[in-house]
Amino acid sequence: MKDIMTVNKKSNFMFELIAIVLGVLFTNVLNNIGNMSLIITILYCVTMIVLSIWIKKPILLAIVFFLTYPPFIEYELAMKTIVAYRREGITGIRDNITFPIMSFIDIYLYYLLAYSKNYKKYLSLPKKGNVIPIVLLIMLILLVSIINITFSDNYEIKLAILSGVNGYIKIIITYNLVKVSVVDKNDIRKILLAIVIATPVFLLESAYVTYVKYGYLSIGKTQFSGLLAGPGATGAFLVIIIPILICSIIIEKRRRSRFLIICIFIMSLVYSLLTYTRSVYLGLIISIIYIFYYFNKIQTLKKYIKVIALCTILFIIIFITYSGEFIIKKFISTFTENPLSDINLSARVFYWNYGLELIKKNILLGNGPNTWGLKTITGGTNLHNGYLQILYEIGLLGFILYFAIIFIQLKKINKTIKLYYKNNFDKDLFLISTCIKASIVGYLFTQLFSSSITSTRSVFLLWLIIFLIEKIYSLAMKNIKVNICIK
């Protein structure tokens with residue numbers, strides 16, 4: 001009886017929330033009745049809210065939502081600030097920069113966390129030693145932001161910093177969602193499945209964004225962009241997804257499902273290549289080599305290496321046949337393009353040197369999230385290097401904590417992989433561990449020449465798989481203890 005009352009209470013709240021959302025947006029719909037994007041977006045949001053009533057694992061819906069939400073949501077359904085400025089005679093300056101401060105997706109993520117099972121137990125600050133860096137990182141970012149807001153005279157910069165803080169806070173929210181939702185190996189597999197399901201929708205929407213941007217889609221003539229700003233950011237996002245698709249292909253037992261995942265893998269690989277982005281190619285090469293290296297050590301997985309290698313070589317041959325001239329021009333332009341162009345490596349080096357000069361001025365606490373491009377006179381909206389971007393925004397202390405968390409989790413995944421070699425426990429956990437590490441390492445390599453590490457979608461997906469490592473490691477340890485007891 002109590003459970004029924006809880007469900008009814010939750011359902012009533014949800015329908016009230018739907019009514020509020022529709023009421024707030026009703027005026028917009030009337031004013032923009034010809035704007036199909038707005039209407040589709042609202043229907044999308046309402047659908048997600050209604051589904052929340054019946055979905056038992058909130059993280060699964062969050063994954064699909066964060067990978068597939070239309071770009072309209074991030075800006076039109078958001079409290080936002082537009083930093084408009086024009087400086088004539090200075091190259092590299094954009095007319096305006098828009099920062100969504102609190103969007104529908106942020107509110108939705110907070111909702112999913114708040115209405116998760118046993119949420120009160122997990123919303124308290126973590127006390128265990130291995131998650132202390134997460135809490136310290138968020139506290140430090142809040143301190144950095146408060147200091148920069150206090151000493152800034154520019155109201156728009158203050159709002160931009162608030163937007164950046166909201167992005168970093170998603171790290172600890174994602175941690176709590178994983179902690180609430182993942183109990184056993186089946187939950188981990190469901191998360192991978194949610195990523196698989198969301199990927200084709202992500203690709204289709206990204207193709208549409210590219211079409212809107214250029215007015216046409218043409219292989220070898222345009223860089224394919226997507227739901228993340230720019231081809232580099234979209235391609236780097238796919239570098240995270242592709243190893244997960246490889247893992248899903250191998251652990252899937254049903255033939256039809258495996259065939260569908262193979263098709264999604266091919267689509268993702270092709271799209272990542274069509275971004276024609278050097279950093280994406282680097283990340284893909286690193287992650288695939290990493291998978292080959294570890295799979296080759298397991299006899300039962302060697303056959304998959306041959307299939308993956310054959311498919312990869314075949315696609316590269318086809319790709320070069322249709323895009324070879326465009327790729328050659330792109331790589332040559334790294335050194336021959338106008339030095340003021342972002343394509344030229346010397347322009348990137350100029351941005352990095354300029355960024356380092358600003359970093360030195362606030363080396364410990366940084367300049368505040370989302371302020372590059374507002375406090376600077378060059379380089380657009382990011383530093384074109386994820387590591388310098390973090391260092392610029394939250395300083396050396398934040399940089400150390402940020403990557404210390406990632407390093408700690410990578411050490412755990414290494415232990416999990418070594419445990420498999422020594423104890424030959426669950427093969428699925430080994431596959432998931434190997435491919436998750438390949439995703440993280442490949443993505444980190446893309447950030448040497450691009451900067452998407454602080455974008456909303458990237459933050460959620462990257463830290464989702466980083467925190468999955470914690471669960472995988474604990475499951476591996478339990479598995480080994482059970483095997484020892486049996487022996």
E393 and Y168: CA distance, side-chain angles, deciding distance, side-chain hydrogen bond (donor to acceptor under 3.5 Å, both in side chains) verdict: CA-CA 11 Å; E393 290 189 352; Y168 282 106; 2.7 Å; yes
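For the pair L228 and F202, the minimum side-chain heavy-atom distance is below 4.5 Å. With contacts defined as side-chain heavy-atom distances shorter than 4.5 Å, the pair C435/F295 qualifies.
Here the CG atom belonging to L468 is positioned 13.0 Å from the CH2 atom belonging to W463, to the nearest 0.5 angstrom.
Judged by distance alone, with hydrogens and angles left aside, the side-chain atoms of D184 form a donor-acceptor pair with the main-chain N or O of D187 at under 3.5 Å.
Using modelled atom types, one finds a donor on one side chain and an acceptor on the other under 3.5 Å when comparing Y392 with T371. Between the side chains of S458 and S455, at least one donor N or O lies within less than 3.5 Å of an accepting N or O. A donor-acceptor contact closer than 3.5 angstrom links the side chains of Q447 and S452. Side-chain atoms of T210 and Y271 form a donor-acceptor pair, as typed in the model, at a separation below 3.5 Å. Defined by atom type and a distance below 3.5 Å, a donor-acceptor pair is missing between the side-chain atoms of N385 and S451.
At most 12 non-hydrogen atoms from other residues, nucleotides or ligands lie less than 6.0 angstrom from CZ of F445.
Annotation: ring pair (Phe, Tyr, Trp, His ring centres under 6.0 Å) contacts of Y293 (sequence neighbours excluded): none. Residues forming a salt bridge (charged side-chain N to carboxylate O under 4.0 Å, His left out) with E252 (at least two apart in sequence, or on another chain): R254.
The one candidate from V183, I432, I188, V182 that meets the side chain to side chain contact (heavy atoms under 4.5 Å, CB included) condition with L475 is I188.
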